[in-house]
Amino acid sequence: MKTSQAFTILISTIAASVKADGEVFTVHGSGTTNPSKCIWHIMSLFEERSQITTRLTYRAIGSSAGQQEFLGVDNAMTEPGNPNITISSHAPHSDFGSGDIPISSADYDALNLAVESQEGGNSQNNGNHMVHLPYAMSSVSFFHNIPGVPDGDKGLKLSPCLLARIFNGKIQRWDSQEIIDENQHIEDILSEITSPIYVGRRSSGSSSTKSITEYLHATCSNEWPADMVSSDLGNKWHVSTNVCVGSGGMTDCVRNNPGSIGYMDSGHGWSEELAEVNLRNADGYYLTSRYAHDKGGITDAAKGVLPDEADLDWGDVNFLNKSGPYTWPIVVMSYIYVRKDVNRFMLSAEERGLMKIFLESLYRDDYFGRCKDLGFSAPPSDVKNMALRGINMIAWDFPFNPNTGKFDNMWSFEEGIKAIQGMGKFVISPNRKSLAGVSIEDIAGAEAKLMNDVKYLMQQWSNSQLASSEVQGDFIQILQDFQSQKNRTNAALVLAALSFTMWSCVIVGWVVKRYVFFK
């Protein structure tokens with residue numbers, strides 16, 4: 001056994017005993033903002049359902065920054081207690097990374113070369129030292145704020161070349177004849193808009209920017225050349241475009257500027273109730289990403305695209321403009337990146353075990369299920385099985401587990417109700433909840449019910465023919481206020497009072513209609 005390996009095992013044993021006394025186990029990741037709410041949700045479930053104290057964190061900093069922290073280029077790590085021995089020249093800054101784009105072939109090869117040279121050819125990983133774990137499929141779309149233009153299939157339609165000409169500054173008005181020719185069903189609305197198009201674009205490295213620029217180049221290369229494909233175009237953007245920082249900033253750019261257009265992950269746009277642009281897919285059909293999602297057109301893009309195993313080179317993988325009547329043209333896969341030699345960087349066996357069971361939870365519906373409400377789709381079963389094989393490729397190096405009689409993970413999920421066993425120190429139990437978690441679920445359910453009640457009442461009010469258009473307009477404004485995160489608290493109070501008032505009006509309307517009009 002090498003001296004460095006012996007030291008690693010010794011330090012790992014000491015670290016495990018120290019952690020056992022303090023009983024605070026941590027896992028830290030960073031990367032893409034796209035599925036951050038999904039990751040935070042699952043992490044919060046772990047902290048809620050574990051008996052001992054766990055702390056799982058995720059910094060949503062973008063795919064490019066997440067890859068940078070994961071790869072740890074030129075980040076030297078020395079052997080604990082012996083600074084003269086370098087364990088790795090590419091030590092990750094995080095326990096895991098995440099991104100909506102795969103690690104490039106160049107970075108993948110550089111990492112493998114660095115590890116091989118460090119280990120002197122004694123690697124047990126066949127030259128492949130990291131895994132891609134695909135866990136969530138989503139989409140990127142364009143959203144607009146054109147007054148009077150509806151959402152859905154009756155809304156704005158833009159071909160790839162029209163989008164390219166808008167974002168490269170060649171089309172700067174919604175009443176452009178090129179746009180009207182494609183949208184004759186809303187010609188009256190567009191022809192009355194004389195203000196310039198407000199074009200929002202991301203400020204720095206973004207997987208969304210990479211996805212839409214790849215799409216524009218692949219579908220309209222005459223208007224969007226290859227040198228305009230990047231996660232960060234910098235000063236290559238047309239001077240008429242406007243900088244929007246992050247997904248939240250892009251939301252503000254679109255919402256706060258009438259006549260605007262921007263792009264973001266679809267789930268974020270849906271949650272903010274922004275109007276979506278209908279895009280033309282590879283089969284020539286115009287559709288929105290929400291419609292494609294409901295028809296299975298997000299997961300369809302993964303068919304026949306991925307490598308056979310998680311530890312291979314994924315640099316050429318993309319999901320752009322795949323065929324199929326319902327397939328969305330800009331599909332994104334979110335990945336977790338993990339070093340296969342994680343045992344060299346996470347010295348606590350308990351923390352390695354916590355990360356392993358967290359990774360496995362990404363492929364369980366009782367954990368990932370809430371992510372579907374955020375606009376994400378679970379990958380197809382064959383992709384899921386490949387990812388689970390990838391998790392088992394990692395050198396977890398667990399100590400002997402007396403509960404199983406094997407060298408395996410001390411952490412486990414409680415399935416159903418297991419008396420005594422479910423109270424185990426390292427058991428993640430869905431039967432253990434916090435008041436905060438229950439309250440949040442109740443509030444979310446009440447909010448959705450209240451919204452549906454008011455929409456129903458508005459329909460009844462309209463049908464009663466007792467409400468003026470001015471009053472109906474006021475109700476619609478309240479609903480729009482309710483969609484805004486900033487105004488939801490105040491709007492909820494107004495909606496509660498409005499619900500009572502409208503029920504009363506509906507009853508009065510029915511009485512009048514029944515006993516006066518038809519007396």
Side-chain angles (χ1 to χ4, degrees), residues 9 11-29 37-58 95-96 133 135 336 338 342-343 345-373 378 384-385 387-392 394-445:
I9 293 173
I11 295 300
S12 178
T13 303
I14 295 173
S17 64
V18 172
K19 285 288 184 181
D21 290 336
E23 292 192 339
V24 179
F25 301 106
T26 64
V27 173
H28 304 294
K37 291 180 182 178
C38 173
I39 294 175
W40 290 330
H41 165 69
I42 295 175
M43 286 181 164
S44 70
L45 290 181
F46 268 75
E47 295 180 353
E48 181 180 82
R49 296 177 177 184
S50 61
Q51 186 205 74
I52 54 179
T53 305
T54 60
R55 176 161 170 73
L56 295 88
T57 71
Y58 180 77
D95 296 327
F96 70 89
L133 304 176
Y135 68 97
I336 295 288
V338 186
V342 70
N343 58 317
F345 309 104
M346 298 183 72
L347 300 183
S348 164
E350 288 88 351
E351 291 183 343
R352 293 197 300 272
L354 179 60
M355 184 161 84
K356 183 175 188 287
I357 198 171
F358 164 72
L359 296 177
E360 291 169 343
S361 75
L362 299 175
Y363 303 95
R364 292 173 58 105
D365 193 63
D366 51 341
Y367 285 82
F368 186 82
R370 177 70 180 89
C371 302
K372 296 177 182 178
D373 297 334
K384 170 184 172 181
N385 292 333
L388 292 172
R389 292 197 303 271
I391 294 174
N392 289 324
I394 297 168
W396 298 109
D397 280 4
F398 293 126
F400 182 76
N401 185 345
N403 294 325
T404 62
K406 301 177 182 178
F407 292 88
D408 61 9
N409 198 355
M410 66 286 293
W411 295 85
S412 64
F413 294 107
E414 181 182 18
E415 308 290 354
I417 298 177
K418 302 289 181 63
I420 301 177
Q421 179 184 343
M423 283 298 293
K425 185 175 181 179
F426 298 106
V427 175
I428 305 298
S429 171
N431 302 306
R432 183 181 292 112
K433 297 184 178 181
S434 68
L435 179 60
V438 173
S439 297
I440 290 172
E441 292 177 1
D442 291 344
I443 291 171

Using every non-hydrogen atom in the two residues, find where [X] and [Y] come nearest and quote the distance to one decimal.
X      : Y      : answer
Ser429 : Gly422 : CB-O, 4.4 Å
Glu414 : Asn431 : OE1-ND2, 3.2 Å
Arg49  : Arg432 : O-NH1, 2.7 Å
Asp397 : Arg352 : O-NH2, 2.9 Å
Ile428 : Ser50  : CD1-CB, 3.7 Å
Leu133 : Val338 : CD1-CG2, 4.2 Å

Mark yes or no for whether Gln51, through its side chain, and Val427, through its backbone, hold a donor-acceptor pair below 3.5 Å.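 Flag not set: sc Gln51 to bb Val427 has no pair under 3.5 Å.
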
Check: Asp95 side chain, His28 main-chain N or O, donor-acceptor pair, under 3.5 Å: yes

Distance in Å, [X] [atom1] paired with [Y] [atom2], rounded so as to fall on 0.5 Å steps:
X      : Y      : atom1 : atom2 : value
Glu351 : Arg55  : CD    : CZ    : 12.5 Å
Thr26  : Met355 : OG1   : CE    : 11.0 Å
Glu23  : Thr54  : CD    : OG1   : 11.5 Å
Met410 : Leu354 : CE    : CG    : 10.0 Å
Ile42  : Tyr135 : CD1   : OH    : 8.0 Å
Met346 : Trp396 : CE    : CH2   : 7.5 Å

Could you go through Phe426 and Glu350, starting from their C-alpha distance and side-chain angles, then the distance that decides it, and tell me whether this counts as side chain to side chain contact (heavy atoms under 4.5 Å, CB included)? CA-CA 9 Å; Phe426 298 106; Glu350 288 88 351; 3.9 Å; yes

Working for side chain to side chain contact (heavy atoms under 4.5 Å, CB included), residues Trp411 and Phe25: CA-CA 12 Å; Trp411 295 85; Phe25 301 106; 4.1 Å; yes

Yes or no on side chain to side chain contact (heavy atoms under 4.5 Å, CB included) for Phe96 and Val342, after CA distance, side-chain angles and deciding distance? CA-CA 9 Å; Phe96 70 89; Val342 70; over 6 Å; no

Quick check: do Ile391 and Tyr363 have side-chain heavy atoms less than 4.5 Å from each other?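 Yes, side chains in contact.
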
Looking only at the aromatic ring of each residue, does the gap between the centers of Phe358 and Tyr58 stay below 6.0 angstrom? no

Taking the six-membered ring for Trp, are Phe413 and Tyr367 parallel (under 30°), tilted (30 to 60°) or perpendicular (over 60°)? tilted

Not counting sequence neighbours, which residues clear side-chain contact (heavy atoms from CB on, under 4.5 Å) with Asn403? List them please.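 Asn403 satisfies side-chain contact (heavy atoms from CB on, under 4.5 Å) with Asn401 only.
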
